Structure formats: C-alpha cells, structure tokens
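Computed from a predicted structure; not experimentally measured. A, B, ... follow the sequence lines: proteins, then strands. Residue 1 opens every chain.
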2 protein chains.
Amino acid sequence: MSFITDIMKTAEQVFIEFLKENNLSMTPQRKIIVETFLETEGHFSAERLCGLVKGKASEIGQATIYRTLKLLVDSGLAESIEVGDGSALYEHSYGHDHHDHLICVHCNRKIEIYDDAIEKRQEEVASELGFKLTRHRMYLFGICPECAGQES
Amino acid sequence: MSFITDIMKTAEQVFIEFLKENNLSMTPQRKIIVETFLETEGHFSAERLCGLVKGKASEIGQATIYRTLKLLVDSGLAESIEVGDGSALYEHSYGHDHHDHLICVHCNRKIEIYDDAIEKRQEEVASELGFKLTRHRMYLFGICPECAGQES
DNA sequence: ATCTCTGCAAACCTTTTGCATAGCT
DNA sequence: AGCTATGCAAAAGGTTTGCAGAGAT
C-alpha cells in the first residue's frame, strides 16, 4: 500500500470518527465524496469537486456534496481559501502543515508559503491587544517570475 | 474648515481626478455617494452604504451605488475587506495608512493592526520566491479580551 | 449626434434550504 | 417509530448586467 493511499485511509478514518462523534454516519455518498476530495490535489472549487464526484456517481446531488464539504471543513480535513471572488476554494488540511498563500494576480497560480517569523509576530501582535488568536488567513498577491518575464 | 472636512475635500478631488483620467465625470449621484462614503467611518457593507445614501436621496438606484463603490475601490479611495461571509465590507483608504485586521470571532469587532516586522517579512518571503508583491491581506481571528471575560 | 449615466428590473452565481422520500437502528 | 440522509428544485443573498431613457458636451 502506497504512502499516499495510507494517508488517505487515515484521513478517512478521522472523518469517520468525526461523523461518529456527531452522531452522523458514513454513507455511500459521503464515502465517494470524501475519497474524491482526498484524491484531488491542490486548490479546487466546490463546483469542480461536484464535477469530479458526478463523474463517478452522477446520481449524487450537489446539495449532498456541499453538505459533505462543510462536514469536511468542520472535521478539520478540509480548509477553505476565500480570495474574494465570490466563491471558495478548498484544499486538504489533514496531514498538511499550516500555510498561507502567495497568489499571482496574473496567472492565478497559488503557492503555499510558511514563515515562522510572521507566525510568531501574529501571535505577539494579537496578544499585545489581549486577543487569544484562534486562526488567521494571509494572502500575498503579486506577480510571479514567469508572468513578470512575459510582461504581456 | 475643519481638518476632517479638509481631508474629505482632498479625497473628493482625488476621486474627481480619477474620473477625469478615465473619461468619466462627477455626477450629482456620484457626489452624494462619495460624500456619504467619506463621512462614514469604520467598516461597512455595500448594503449599509445603500441605506445611508438612500436616506439622503432615495431616488438613487442601488446599481449606481455598487458601480460607484467599484470606482472608489479602483481610484484607491476605498478598500474592501473580504471576510469570507459572502459579502464585502468597505473602508476608507485615502489618508489612511495600510493596516490589517484583527477580528473577534465572538463579537465581530474589528481592530486595525499594523506590524512592521510582518510587513517586512512578507516582502522578503515573496521576493525569495521571485514574486513582486503588489498587495496583501491578513486577517487574524481570535477572541477579544471582553469576550474572553464574559465567557458566554 | 454621440457619448456617458442612471434607475429599474431581471439575471447571475454560488451556496443553502424545504420537502418528501428513503434508509438505518 | 424515530432518527439521519438524500435528491430535487426552489430560494436566498449579494452583486452585476441589459436596456431604454435622460443628460451632458
């Protein structure tokens, strides 16, 4: 069994436990949705996931997919990125370390970034104001090297 | 003429110049909308601005308000904060220094924050990856001292 | 005349909800 | 029975667009 399949299995277990804790159960639909979610790399929209799921099992309704996606977020398996264009993108968060995003405003490429110094200062800034930090979102927007090169 | 009115006048001038540069003109509707925008402090939604504008001139359509709000953002007078709840909030950005936001997830209070060290590292992180940074958004979410106190 | 500008209403688009049915336990 | 779960279709909610008329130059 490959490493990646291994991670997926574990993630699925985590999801099943989350369901149990909330008196919910793993259903065939949820199983297909979660597996599709786990197989899909990178950042994708709910709509894209709908397409992928329907490719496997077209009888699954979009409402179920949206509902399951919400469960995935609640369970901590998924995280959503909101880049202010109306719709959300999702990505895996189980077995992935926290990171922020650097986004090319030209080609829309998204790079995951992480900086210890920033994370530390965020905590400090919040606590100086008496806040207990629970989470944060940071998006850096710029022009990536490739796009800067072609200078369309 | 008070200081605040002074700033407003200048801001309005900046807007008028922006309009001119784009072959647009200052109309009575835009004037009312812009002035209402400039008078309104803090973070507010498009809907809220609509209400305020309509209070002064009920005949102004919401489409015009949305269109003008977009012009305000393009002109650099307004900035939008997108906190992933579907709708955007706006705030002044003319005569205001750049800042990020610390948001209480309990009472929704928004505090403006600024940290030199973070700003500097953002630039560095981006440039290490070959990006030319154009802007960024950072939202810190946490519990404010007041809300932590009452522990509802 | 030829522009932009406006208000109205309708369209949009992603996400959510209501509801009746189906499936567990 | 009494739950949760599902699919469908409709609703929601914020924002945008089409359009025909009005206004400006």
TODO: Starting from P on D:dT25, measure out to CG on B:Leu24 and report it in whole angstrom.
DONE: 13 Å

Open item on the list: Expressed as a whole number of angstroms, how long is the span from A:Glu47:CD to C:dC12:C1'?
Closed with: 13 Å

Open item on the list: Between C1' on C:dC5 and CD1 on B:Ile33, what's the gap in Å once rounded to a whole number?
Closed with: 11 Å

Open item on the list: Of the options C:dG7, D:dA5, D:dT15, whose atoms approach the side-chain atoms of A:Arg30 most closely?
Closed with: D:dA5

Task: Along DNA chain D (nearest heavy atom to each residue), the more 5'-positioned of A:Gln62 and A:Ile65 - done: A:Ile65

Open item on the list: From CG of A:Asp74 over to P of C:dT16, roughly how many Å is that when rounded to an integer?
Closed with: 11 Å

Open item on the list: If you only use heavy atoms from C-beta on, which nucleotide in C:dG7, C:dT15, D:dT15 is closest to the side chain of B:Ala46?
Closed with: D:dT15

Task: Protein-nucleotide distance (B:Asn23, atom CG; D:dT25, atom P), rounded to Å - done: 13 Å

TODO: Counting heavy atoms from C-beta on, name the nucleotide in C:dT14, D:dG7, C:dG7 closest to the side chain of A:Gln29.
DONE: D:dG7

- [ ] Check every strand shown and say whether A:Ser25 touches a base, only sugar-phosphate, or nothing at a heavy-atom separation below 4.0 Å.
- [x] sugar-phosphate

- [ ] Please confirm whether B:Phe44 and B:Phe37 have ring centers closer than 6.0 angstrom.
- [x] yes

Open item on the list: Is the phosphate of D:dT15 approached by B:Lys70 (side-chain N or O, under 4.0 Å from OP1 or OP2)?
Closed with: no

- [ ] Take the protein atom CD of A:Glu82 and the nucleotide atom C1' of C:dT14, then report the distance between them rounded to whole Å.
- [x] 12 Å

Open item on the list: Let's see if you can work this out: which of C:dT16, D:dA5, D:dC8 has an atom nearest to the side-chain heavy atoms of A:Ala63?
Closed with: D:dC8

Open item on the list: Nearest whole Å is fine: how far is C:dT15 P from A:Leu69 CG?
Closed with: 8 Å

Open item on the list: Is the phosphate of C:dC5 approached by B:Thr27 (side-chain N or O, under 4.0 Å from OP1 or OP2)?
Closed with: no

Open item on the list: Whether B:Thr64 contacts C:dT6 is assessed here as follows: a side-chain N or O lying under 4.0 Å from the phosphate OP1 or OP2. Is that the case?
Closed with: no

- [ ] Tell me whether the guanidinium CZ or amine NZ of B:Arg135 lies under 6.0 angstrom from the six-membered ring centre of A:Phe141 and within 45° of its axis.
- [x] yes

Task: Atom pair distance, as rounded to whole Å: NZ in A:Lys31 and P in C:dG23 - done: 20 Å

- [ ] Report the C-alpha distance between A:Lys56 and A:Leu52 in whole Å, list the side-chain angles of each, state the deciding distance to 0.1 Å, and finish with yes or no for side-chain contact (heavy atoms from CB on, under 4.5 Å).
- [x] CA-CA 7 Å; A:Lys56 290 187 185 179; A:Leu52 293 169; over 6 Å; no

Open item on the list: If the threshold is 4.0 Å, N to carboxylate O, is there a salt bridge linking A:Glu123 and A:Lys120?
Closed with: no

Open item on the list: Considering every strand and a 4.0 Å limit on heavy-atom distances, what is the contact class for A:Arg67: base, sugar-phosphate, or nothing?
Closed with: base

Could you pull out all donor-acceptor pairs under 3.5 Å where a side-chain atom in residues 66-81 of chain B meets a protein atom, sequence neighbours excluded?
{"residue": "B:Thr68", "atom": "OG1", "partner": "B:Thr64", "partner atom": "O", "Å": "2.7"}
{"residue": "B:Ser75", "atom": "OG", "partner": "B:Leu71", "partner atom": "O", "Å": "3.3"}
{"residue": "B:Ser75", "atom": "OG", "partner": "B:Leu72", "partner atom": "O", "Å": "2.8"}
{"residue": "B:Ser75", "atom": "OG", "partner": "B:Leu77", "partner atom": "N", "Å": "3.3"}
{"residue": "B:Ser80", "atom": "OG", "partner": "B:Glu82", "partner atom": "OE2", "Å": "3.1"}

Open item on the list: Would you say B:Tyr66 places a side-chain N or O within less than 4.0 Å of OP1 or OP2 belonging to D:dT16?
Closed with: no

